[in-house]
Amino acid sequence: MDGNGTGPRKSIQNHDAKGAGKTFLVHNRSGNHFPEQASAMRKNEKYTPVPVQEEKGVDIINIKGIEDIGYVQQDSIRLNSLTPEERTQCRQGLYFQDGQRRVDYVLTYHVKKPNSSRSRRHSSRFMESALARSIRRARAPPPKDDPEIAAQEQSLDYHEDDKLFRREEFECNLQEMGLELEKDEDTKTPGVGFVKIHAPWHVLCREAEFMKLKMPTKKVYEVKQGSNLVEKINTFIHKVTEPLQPKVEENRIQNVKHLSYPFSREKQHLFDLTDRDSFFDSKTRSSIVFEILKRTQCTRAKYIMGITSLLANGVYMAAYPLHDGDIEGENADPNDRKLLRDEWASYGVFYKYQPISLIRKYFGEKIGLYFAWLGVYTQMLIPASVVGVIVFLYGCATVDDDIPSYWKLNTACGTARASHLFDNPATVFFSIFMALWAAMFMEHWKRRQMRLNYIWDLTGFEDQEDHPRAEYEFRVMQKTLRKERQTHKFEAALHMSSNPITRSNVRLTVKTTAAIINLVVILILDEVYGAIARWLTVLEVPKTDKSFEERLIFKTFILKFVNAFTPIIYIAFFRGRLVGRPGSYLYVFESYRMEECAHGGCLMELCIQLSITMLGKQLIQNNLFEIGVPKLKKLIRYIKSKRTSQEEEHDKKLQRYEIDYFLEPFSGLTPEYMEMIIQFGFVTLFVASFPLAPLFALLNNIIEIRLDAKKFVAELRRPIAGRAKDIGIWYNILRGIGKVAVIVNAFVISFTSDFIPRLVYQYMYSPDNTMHGFVNHTLSYFNVSHFQNGTQPLQPMHLGYSVEMCRYKDYREPPWSPTPYEISKEFWAVLAVRLAFVIVFQNVVMLMSDIVDWLIPDIPKDISLQIHKEKILMVELFMKEEQGKMHILDSMGSKGGKDSCNNHSPAPRPRSTPHTHTNDY
């Protein structure tokens, strides 16, 4: 018996009359395989491998490999014996040529097409080994036509032969692991060969046991939703929201649940194996094959290479599982992918809940958790949007009652009135509300995550050690080889405009234009910073995919967060703070003054910058790029392939594995999470200055969910189904943003808005405790004769009379005081209140958040009870099984006589196949 539980065997396959040839594989007693020809696998019948003369009379040898788990393999079936429906199914590329074995995974590689002068020689030496060709080429005399071209061709052939040699060894090793392979090079995609991989039943069982996959057993139990009152409420809510539920079986409320247990070959009797074809779904089968691919290595070459290194070195071009089937056309067979397109990846169902369980069934837990988190986040944005709109409407309703908005400085009236929409007492309440909202959101997600863990049987799942990355192996090999070898003019134009509206709104126009330009810079730098983060992470050479992903996420988040929020932080906390005063301004390069805020304050400019950046990133970067870039790449790949193909090849229908080859490769969930995390920052960090941010985020996410769904279902290759019980490092980032948001909003309210200066004036300096006189209180005096030389106004008589005294916004002593232009005591009073507000606001809000965290349990009570119930049922199940074994042993002992009664070491019971068990569990 070999390592896979198989004995020595000899597999011979012979195709029918059209010269398909024969390939066979010999196993030695030690379990190793030696390819008798270059490819030890079943070939597409359109190719003609070198025939083995002494085996002409052999058609097909049926392999009945008796495995250690007690079953018999299915016989091979010839393609000619298939029904027309099975032939159609086989031609679609979802099955092998026998129409029975499903394609679980696909590897693609480059195929060098022969030119006209070498076509005959290519067909005769197709199955010739790479080593033999290299020896023969080395002994052959050099061509006489063009030595330079000949040398290039010889070098190219050498690299191709080296790749072929590695592929042959790797594929042979895959067969040693028990996988079954089939090649296809005569496809509509020129220059690309396909290796189809199928995992037979015994391999699936073995790997499922290694991976500790939890599978449903025969034992079922009733699932209770809690107390009778809670159950009635849940039933009522489900009836009310029934029109919003997707029409999929997985989203219906299940009253019973199968008890799950890690799969074991010794305990197959616990599982319902009546339908082996559906026991392991396509998502599980592909993940099992992927685990085998990661473990299998090439060892004959100088450097050990796995599938990741083979992909990095171009030995294989791509590796991917297949989608379940077509989603377009009336004749498309029903499948989970088509159901996802109809009930999820369609804008017509934007108002419905997501079929999360079906998403998990098709794409795996990692992607299922992402869309579940995105759905919870979007739902939680609804109350935040409602409160934000109410706060904005309150500002609109009270703008006419705002006394400081009416003053004789008419050039600032518009800005002051507009800033009141976002700078009013309601924004303080909204900031507190959003801090509590963030805490509620995190707690709600933890509960939702635990519920999904229970439903998806992930309660006992622990992350397993990851395999080395492709780049890690490649960089290690490279290091070894290296050792062996060794806007000013635009503003002036607006001022000179003859349009009075343009001149009166010059500052607003300039600031808006600057914000748009800044948005373009942010979008460009986002791509640059993303590349820099990946480059820095690659330099570190992390060993595993998990380590690489976490380091990349951290660097990308820091760079993109700084890129998106640096202009906003500058406007909120630095603009207008270091400008000096009239007569003593701060200059940059001796001629440019530091930038000041508008007369109404910086909050309006902050709102403009925040809104343009947020909306621009969502509309342009997140949505337009996500739609356009994948489609453009897919079109380019198709055009390149079409240019080199012949007309008759285009008449053939593409196989499933060819269609998926033209799809965009899945690049991970980091970009999807990153854009939502940045949006979460916009919603929480500066919400005091822009209460409408949750509303815009909600509208974007309604589109984003369906856009991402359409991308995953129709635009991307099917991802590897990754297992996970949480969203990983992203949860910690969200909690960090929530904590920082409290501090940032406290400083925005205190130092950016006029909330604190108004309170101080109303209750400390106002004679009648009203806001009358507030503007005059915030303005200081300046004598124009105190201007420094060269800084006087260019047109001192532009008002028609000479100005001797002017006002500017600051808390400074007047020019007639003993200490002219020094900071006044009012400034220190306002500053003290501002700092006190920051401390009080921060501690009160964080305390309230902690109270919310403490009041809401992380695990729902009904889920906690069900998990406890599962543990009890599992113990009862194994106790019942143990009692059955003891009963059998006792009955055997009673028949053995009195001597056997004293034997405390029971004799081993003969192993039985799953079909012989009669106990009903």
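Residues: numbered from 1 along the sequence shown.
- Glu242 and Lys247 are not joined by a salt bridge, as no carboxylate oxygen comes within less than 4.0 angstrom of a charged side-chain nitrogen.
- Between Glu672 and Lys711 a salt bridge is recorded (basic side-chain N to carboxylate O distance below 4.0 Å).
- Every side-chain hydrogen bond (donor to acceptor under 3.5 Å, both in side chains) that Glu870 has, sequence neighbours left out, goes to Tyr221, Lys257.
- Residue Ser849 comes nearest to Leu436 through the heavy atom pair N-CD2, 3.9 Å, listed as atom of the first residue, atom of the second, then distance.
- At a threshold of 4.0 Å, the pair Lys218-Asp272 does not count as salt-bridged, since none of the basic side-chain nitrogens sits closer than that to a carboxylate oxygen.
- With sequence neighbours excluded, the residues that form a ring-ring contact (aromatic ring centres under 6.0 Å, His included) with Tyr673 are Tyr370, Trp373, Trp730.
- Ring-centre distance between Tyr377 and Phe441: below the 6.0 Å cut-off.
- The side-chain heavy atoms of Val203 and Ile292, taken from C-beta on, include a pair separated by under 4.5 Å.
- Surrounding CE of Met440 are at most 12 heavy atoms belonging to other residues, nucleotides or ligands under 6.0 Å away.
- Between Phe271 and Ser264 the shortest heavy-atom distance is CE1-N, 4.0 Å.
- Considering all non-hydrogen atoms of both residues, Leu179 and Ile197 come closest at CD1-CG2, 3.8 Å.
- The side-chain heavy atoms of Arg102 and Lys196, taken from C-beta on, include no pair separated by under 4.5 Å.
- In terms of heavy-atom proximity, Leu458 sits nearest to Ala724 at CD1-O, 3.2 Å.
- Under the salt bridge (charged side-chain N to carboxylate O under 4.0 Å, His left out) criterion, Glu209 pairs with Arg265, sequence neighbours left out.
- Legend: residues meeting salt bridge (charged side-chain N to carboxylate O under 4.0 Å, His left out) with Arg551, ordered by chain and number and at least two apart, are Glu540.
- Counted within 6.0 Å of NZ on Lys283, heavy atoms from surrounding residues, nucleotides or ligands total more than 12; the atom is thus considered enclosed.
- Between the side chains of Tyr362 and His323, at least one donor-acceptor pair of N or O atoms lies under 3.5 Å.
- Between Pro246 and Gln354, every side-chain heavy-atom pair lies at or beyond the 4.5 Å cut-off.
- Here Asp342 pairs with Lys338 under the salt bridge (charged side-chain N to carboxylate O under 4.0 Å, His left out) rule; sequence neighbours left out.
- For Met874, the CE atom counts as densely surrounded, since its 6.0 Å shell holds more than 12 non-hydrogen atoms of other residues, nucleotides or ligands.
- Checked against side-chain hydrogen bond (donor to acceptor under 3.5 Å, both in side chains), Glu550 has no partners two or more places apart in sequence or in another chain.
- Under the side-chain contact (heavy atoms from CB on, under 4.5 Å) criterion, Leu855 pairs with Ile851, sequence neighbours left out.
- Side-chain contact between Leu213 and Pro262: absent, with no pair of heavy atoms (C-beta onward) separated by less than 4.5 Å.
- Residues forming a side-chain hydrogen bond (donor to acceptor under 3.5 Å, both in side chains) with Arg718 (at least two apart in sequence, or on another chain): Ser282, Asp324.
- Contact of the Leu339 side chain with the Val248 side chain is registered, since non-hydrogen atoms from C-beta on lie closer than 4.5 Å.
- When the options Arg723, Lys214, Arg360 are evaluated for a salt bridge (charged side-chain N to carboxylate O under 4.0 Å, His left out) with Glu365, the one that passes is Arg360.
- For Phe712, the ring-ring contact (aromatic ring centres under 6.0 Å, His included) partners at least two apart in sequence or on another chain are Phe363, Phe371, Phe666.
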What verdict does the salt bridge (charged side-chain N to carboxylate O under 4.0 Å, His left out) test give for Arg295 and Glu207, after you've listed the backbone C-alpha separation in whole Å, the side-chain angles of each residue and the deciding distance to 0.1 Å?
CA-CA 12 Å; Arg295 290 203 314 265; Glu207 297 298 323; 2.7 Å; yes

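- Taking the side chain as every heavy atom from C-beta outward, Tyr261 and Met215 never approach each other to under 4.5 Å.
- Scanning for ring-ring contact (aromatic ring centres under 6.0 Å, His included) contacts around Phe280 gives Trp201, Phe263, with sequence neighbours left out.
- Nearest approach of Gly368 to Ile356, heavy atoms of both residues: O-CG2, 4.1 Å.
- In this view, Lys446 and Glu443, Asp853, Asp858 satisfy the salt bridge (charged side-chain N to carboxylate O under 4.0 Å, His left out) rule, not counting sequence neighbours.
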Before giving the answer on salt bridge (charged side-chain N to carboxylate O under 4.0 Å, His left out), spell out for Asp660 and Arg717 the whole-Å C-alpha distance, their side-chain angles and the decisive distance to 0.1 Å.
CA-CA 6 Å; Asp660 288 1; Arg717 294 174 187 164; over 6 Å; no

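- Contact annotation: the side chain of Trp445 approaches that of Leu369 to within less than 4.5 Å [non-hydrogen atoms, C-beta and beyond].
- With sequence neighbours excluded, no residue forms a side-chain hydrogen bond (donor to acceptor under 3.5 Å, both in side chains) with Asp850.
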